[in-house]
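Data block below; observations after.
Quantities reported herein were computed from a predicted structural model and do not represent experimental measurements.
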Amino acid sequence: MPTFIGDVHGWIDRLDAVLAQAEGEIVLLGDLIDRGPNVPEVLDRGLARCVLGNHEWMLTRVLGRGDASPNEDAFDAWVDGWGGDAVMAAFAVDSATGLKQRLGRHWPWLGELPWVLEGTAVGRKWVAIHAGFDHQRPFAEQLAEVRSGWDGPWSRTDDPRPQPLFSKRRVMVIPPDLPPDVCLISGHTPVIRPLITAQRIACDTTGGMPGRRLTGIIWPEERIISSA
């Protein structure tokens, strides 16, 4: 059975507290970075499965995927408006090029994070994505798009922010044609406590802010675990 963990945002104490209670496969719901003080330690955990969050998406855009050059204007906006200043402080760097170098082996990993993860537990299927799916389009069509990741329709559009990673309106949205044995799990949209139904789970209970508890969901038991 998997344990789904909400947005960590660079807080290692919260992550370690939840991991100590987790069971089975660990699935992180994106946004490992920004805001919190311990991004290097969070990345060093080397957890196997994580979906791309909008904060990782933004970082790859500003630093340049692969060997591309950083976008300095976008980089400044990330530092000032996305919590990137905490990442810069944690890595003790003062430039986009310096950060890309200090990220080391984590940089290729961040740039190749999947947009969606899927699995089966106790005869039920789960689909994990950072923000969620639209309620007005066929589920299978949307799933195919996010499976294609960086090569999907977002690479051919002027929309700068792909909605499966960014839309907070999708919290608890269930496409009408979602198969009854499938549960959608996401983070991204801060909630006071996890929202759980048979087909939809939202469990970002921190938003990366100080003084909040990180949450995990052991599924399909729907058992809630959290940091102190």
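- The closest side-chain heavy-atom distance from Val8 to Val18 is not below 4.5 Å.
- No side-chain donor-acceptor contact under 3.5 Å links Arg161 to the backbone of Phe166.
- Closest non-hydrogen pair, Ala131 versus Gln163, comes out as CB-O, 3.9 Å.
- Using a 4.5 Å cut-off on side-chain heavy atoms (C-beta onward), Ile201 and Pro194 make no contact.
- Pairing each heavy atom of Leu110 with each of Leu52, the nearest pair is O-CD1, 4.1 Å.
- With Glu56 contributing its side chain and Asp31 its backbone, the two residues share a donor-acceptor pair below 3.5 Å.
- Residue Phe4 is not grouped with residue Val127 when hydrophobic side chains (ILVMFWY) are merged at heavy-atom distances under 4.5 angstrom, including chains of intermediate members.
- Side chains of Trp11 and Pro210 form a contact here, defined as non-hydrogen atoms less than 4.5 Å apart.
- Each salt bridge (charged side-chain N to carboxylate O under 4.0 Å, His left out) pair with one or both residues in residues 133-143, not counting sequence neighbours, appears once here: Arg137-Glu141, Arg137-Glu145.
- Here CG of Leu63 is found 11.0 Å from CD of Gln101. Values are rounded to the nearest 0.5 Å.
- Cluster annotation: Leu15 is connected to Phe91 through the hydrophobic network of ILVMFWY side chains, with a link wherever side-chain heavy atoms come within less than 4.5 Å.
- In terms of heavy-atom proximity, Pro70 sits nearest to Thr97 at CG-OG1, 4.2 Å.
- For the atom pair CZ (Phe139) and CZ (Phe133), the distance works out to 5.0 Å, reported to the nearest 0.5 Å.
- With hydrogens and angles ignored, the 3.5 Å screen pairs a side-chain donor or acceptor of Gln199 with a backbone N or O of Pro179.
- The salt bridge (charged side-chain N to carboxylate O under 4.0 Å, His left out) pairs that include a residue from residues 103-129 are Asp44-Arg105, Arg65-Glu112, Glu118-Arg147, where partners are two or more places apart or lie in different chains.
- For His55, the ring-ring contact (aromatic ring centres under 6.0 Å, His included) partners are His9, Trp82, not counting sequence neighbours.
- Side chains of Trp126 and Pro220 form no contact here, defined as non-hydrogen atoms less than 4.5 Å apart.
- Shortest non-hydrogen contact noted between Asn54 and Leu165 is CB-O, 3.3 Å.
- Taken to the nearest 0.5 Å, the CZ atom of Arg102 stands 10.5 Å off from the CE atom of Met88.
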What verdict does the side chain to side chain contact (heavy atoms under 4.5 Å, CB included) test give for Thr197 and Met172, after you've listed the backbone C-alpha separation in whole Å, the side-chain angles of each residue and the deciding distance to 0.1 Å? CA-CA 9 Å; Thr197 71; Met172 296 308 287; 3.7 Å; yes

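- Partners of Arg169 under the salt bridge (Lys or Arg N to Asp or Glu O under 4.0 Å) rule, at least two apart in sequence or in another chain, do not exist in this structure.
- With hydrogens and angles disregarded, a donor-acceptor distance shorter than 3.5 Å links the side chain of His130 to the backbone of Leu29.
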The test is side chain to side chain contact (heavy atoms under 4.5 Å, CB included); show your working for Val122 and Trp219 and say whether it passes. CA-CA 9 Å; Val122 196; Trp219 191 85; over 6 Å; no

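- A donor-acceptor pair under 3.5 Å is formed between the side chain of Asp7 and the backbone N or O of His188.
- Listed by first and then second residue, the salt bridge (charged side-chain N to carboxylate O under 4.0 Å, His left out) pairs involving residues 188-206 amount to none (not counting sequence neighbours).
- Looking at heavy atoms from C-beta onward, Asp34 lies out of side-chain contact with Val39 at the 4.5 angstrom threshold.
- Considering every non-hydrogen atom in both Lys100 and Ala68, the closest pair reads NZ-O, 2.6 Å.
- If you take CG on Leu99 and CH2 on Trp78, they are separated by 5.0 Å, rounding to the nearest 0.5 Å.
- Hydrophobic clustering of Ile, Leu, Val, Met, Phe, Trp and Tyr side chains at less than 4.5 Å, counting indirect connections, unites Val93 with Met58.
- Residue pairs meeting the salt bridge (charged side-chain N to carboxylate O under 4.0 Å, His left out) criterion with at least one member in residues 11-25, sequence neighbours excluded, are Asp16-Arg45, Glu23-Arg223, Glu25-Arg49.
- More than 12 heavy atoms of other shown residues, nucleotides or ligands fall within 6.0 angstrom of atom CG in Asp177.
- Among the candidates Thr215, Leu28, Val27, the single residue satisfying the side chain to side chain contact (heavy atoms under 4.5 Å, CB included) test with Ile5 is Leu28.
- Residues Trp109 and Trp115 are members of one and the same hydrophobic cluster, defined by side-chain heavy-atom contacts under 4.5 angstrom among Ile, Leu, Val, Met, Phe, Trp and Tyr.
- Hydrophobic clustering (side-chain heavy atoms under 4.5 Å, transitive across Ile, Leu, Val, Met, Phe, Trp, Tyr) groups Ile26 together with Ile12.
- Below 30°, between 30° and 60°, or above 60°: for Trp150 and Trp57 the angle between ring planes is below 30°, a parallel geometry.
- For the atom pair CG of Leu184 and CG of Leu178, the computed distance is 4.5 Å after rounding to the nearest 0.5 Å.
- Side chain of Arg35 to backbone of Gly207: a donor-acceptor contact under 3.5 angstrom is found.
- Judged purely by atom type and a 3.5 angstrom limit, Ser227 uses its side chain to pair as donor or acceptor with the backbone of Leu214.
- Rounding to the nearest 0.5 angstrom, the gap separating the CG atom in Leu32 from the CG atom in Leu113 is 7.0 Å.
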The test is side chain to side chain contact (heavy atoms under 4.5 Å, CB included); show your working for Leu59 and Ile33 and say whether it passes. CA-CA 9 Å; Leu59 182 64; Ile33 65 170; 3.7 Å; yes

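- Of the possible donor and acceptor atoms, one in the side chain of Thr205 sits under 3.5 Å from a partner among the backbone N and O of Arg213.
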